[in-house]
Structure formats: structure tokens, C-alpha cells
2 protein chains.
Amino acid sequence: MKQKKSNESIECSKSDLMAVKDALEVLNGRWKLQILISLLNGKKRFKQIAREIDGISDRMLSKELKDLEENKLINRQVYDAFPPIVEYTATEHTETLHSVIYALREWGYIHRKKIIGK
Amino acid sequence: MKQKKSNESIECSKSDLMAVKDALEVLNGRWKLQILISLLNGKKRFKQIAREIDGISDRMLSKELKDLEENKLINRQVYDAFPPIVEYTATEHTETLHSVIYALREWGYIHRKKIIGK
DNA sequence: CTGGATCCTCAGGGATACTG
DNA sequence: CAGTATCCCTGAGGATCCAG
């Protein structure tokens, strides 16, 4: 993918840019990563996720979950019961997001210190 | 509320979630990361960036650059000349984004292979 | 409980024209 | 060249109601 410049590797190629754009496209919006993080902590039911994520509406959660399922980032398991039980779980593919989440979290802390926290 | 899987650490705390949200807030939209990646490759003038990033309008570029400057993610240097010359550069703070960009890029490749490329 | 269906709002973003 | 000013539209996302 990339070559080094003395000591720092710099993003450069069109192909790299495309990859970043692809990633952002899948993870876009305010909710997807929050949902995935929540599920990386263990299987959850619909209402559980809704309660955990501050401010999300049922409608958005439903839509985002469908999106994520299409991208193989979550599994949806339906149990035939009443009241209905649906469990969502992360997939092996979700696990590959760990480094992204980790990097964003670290940077979030750095940035907060830099801009807000001083 | 945490279940470990053998060897991986899992995101969990409220504070971590906040950090990720903060990061996403600063980097949101389709353009900011593309602009930053472009500038991490070296100083650029307005039109240069506009030409490099496919599909961005002058208006958006202008707005995003202002945003990024407020977040100390770019420097804006104006030279008194005609025609006007304005150069944008990455900052030290931008450098801290490297791991984020790197992670997103890697994941973009992985995801493409998983979903599209098969 | 799990969502689908509807309706509505608003900000993100495109197009174009214009200024210093 | 480096933007600003307008106008407009689309789509993300909220609120509410309803059904299985």
C-alpha cells in the first residue's frame, strides 16, 4: 500500500483515499459506530440498544440495524415468542473494526484535551 | 456489563463512547478527512485542494477549511499578492490523526474485500 | 417488545453568479 | 485565484401512531 518518507508514512495514493471513503460510507451518520460499540460488548435486544444510546429514535435504530446487517456487521436472531425477542450480535467482521474504534477513541481524548479541555 | 472474549479488550465505558462521538463530530461529513489527508501530503493552495478532491464545491471546501481551522487541524497562510495566494498546511495536531486514517484505510480495504470484492 | 408507516424539520451540500 | 452570496433540493433524522 504505501511507502515511507524518512520517518512518517503519509497517506497518498488514490486507492488509499478510496479505501478511507469506503470506510466512511459504511460507518457514516451519528449512530452506526455507537451501535457497533454497544454490540461489541455483547448481544443485545432492540430496546436495550435503544436505551443505551442516548438520543436515538426507534425508527433510526431500526434503519441503522438493517443497514449494518446488510454490511455483515451484525447478526439478527429472532426467537418465536411473545412478546417478541430479537437479539443482535456483532460478527467476526465487526471485530476488525476494533482498531478503527480504538483510534477514534484515542484521538477523541487527544482532541478534547487540545480544544476543549486545555 | 462486560464480557471478555479470550484475548480482546472491548469498548465499554461511557467516557470512551463520548470520546468516539467527539471524534466523529469533528471529522463528520464526507470532506474533512479527505481534505486533511490531502494536506498531510504537503501544503496546498485552495484550488489545488479543490482539484484533488473529486466532487467538492468551492463553497463546501471554503466552509470545511474554516471548520478545520477552528479545530486547529489546519493552518491558513495568506500572502499579499495578486492574484491572491493562500496556502493551507496540516498542523502538529493533524499528525495525531494518522492512526485514525490508517485504521480507516485498512478497514476500508478489508471491508471492500468482504462485501464487494469477494 | 419489535419495529413499520407517515409526516415533518432542518442542516448538508450542489449550482451558479459575483467580488476583491 | 480565493473565496462569498443566493437559491434550492435532498436526505438524515425526529415524533408519533400503529400492528404483529
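Every chain is numbered from 1, with letters handed out A, B, ... down the list of sequences. The analysis underlying the following values was restricted to heavy atoms, covering all of them including side chains, and did not include hydrogens, waters or symmetry mates. Everything quoted here is computed from the prediction, not taken from an experiment.
Under 4.0 angstrom from either OP1 or OP2 of D:dG3 there lies no side-chain N or O belonging to B:K66. Taking side-chain N and O atoms only, B:S62 has no distance below 4.0 Å to OP1 or OP2 of D:dA2. Taking side-chain N and O atoms only, A:R51 has no distance below 4.0 Å to OP1 or OP2 of C:dT2. Residue B:R30 places none of its side-chain N or O atoms closer than 4.0 Å to OP1 or OP2 of C:dG12. Close to C:dG3, at under 4.0 Å from its OP1 or OP2, lies a side-chain N or O of A:Y88. Using a 4.0 Å cut-off, some side-chain N or O of B:R76 falls inside it from OP1 or OP2 of D:dG3. Contact check, A:S57 against D:dA15: no side-chain N or O comes under 4.0 Å of OP1 or OP2. Between B:R59 and the phosphate of C:dC18, there is no side-chain N or O to OP1/OP2 separation shorter than 4.0 Å.
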**Request:** Take A:H98 and B:W107 through the test ring-ring contact (aromatic ring centres under 6.0 Å, His included) and record every step on the way to the result.
**Result:** CA-CA 10 Å; A:H98 249 110; B:W107 193 81; over 10 Å; no

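Between A:P83 and A:N28, the one whose closest nucleotide on DNA chain D sits nearer the 5' end is A:N28. When each of A:K63 and B:I56 is assigned the nucleotide of DNA chain C with its nearest heavy atom, A:K63 is the one assigned upstream, toward the 5' end.
Look at CH2 on A:W31: it is 11 Å from C1' on D:dA12, rounded to the nearest Å. One atom, CG of A:D58, and another, P of D:dG20, lie 18 Å apart when rounded to the nearest Å. The separation between A:K43 atom NZ and C:dT2 atom P is 14 Å, rounded to whole Å. Per the geometry, CD belonging to B:E64 stands 18 Å off P belonging to D:dA2, to the nearest Å. Rounded to whole angstrom, the span from the CD1 atom of B:I53 across to the P atom of C:dG14 amounts to 12 Å. Rounded to a whole Å, the CD1 atom of B:I85 is 15 Å from the C1' atom of D:dG3. In this structure, A:M60 atom CE and C:dT2 atom P are separated by 18 Å, rounded to whole Å. Atom CD of A:Q77 is separated from atom P of C:dG3 by 12 Å (rounded to the nearest Å).
B:Y109 and A:D22 are not linked by any side-chain donor-acceptor pair at a separation below 3.5 angstrom, with hydrogens and angles left out of the test. Counting only N and O atoms by type, the side chains of B:S38 and B:Y88 include no donor and acceptor under 3.5 Å apart.
Distance CD/B:E87 to CD1/B:I74: 12.5 Å, rounded to 0.5 Å.
Both B:L24 and A:L40 are part of a single hydrophobic cluster, where members link through side-chain heavy atoms under 4.5 Å apart.
Side-chain atoms of B:Q48 come within 3.5 Å of backbone N or O of B:R45 as a donor-acceptor pair. Side-chain N or O atoms of A:T91 include one that pairs as donor or acceptor with a backbone N or O of A:K72 at under 3.5 Å.
The two residues A:L97 and A:L27 make their nearest non-hydrogen contact at CD2-CD1, 3.9 Å.
Residue A:P84 has its side chain nearest to D:dG20 when only D:dG20, C:dG14, C:dG3 are considered.
With axes fitted over five pairs at each extremity, the angle between the ends of the helix from C:dC1-D:dG20 to C:dG20-D:dC1 is 40° (10° resolution).
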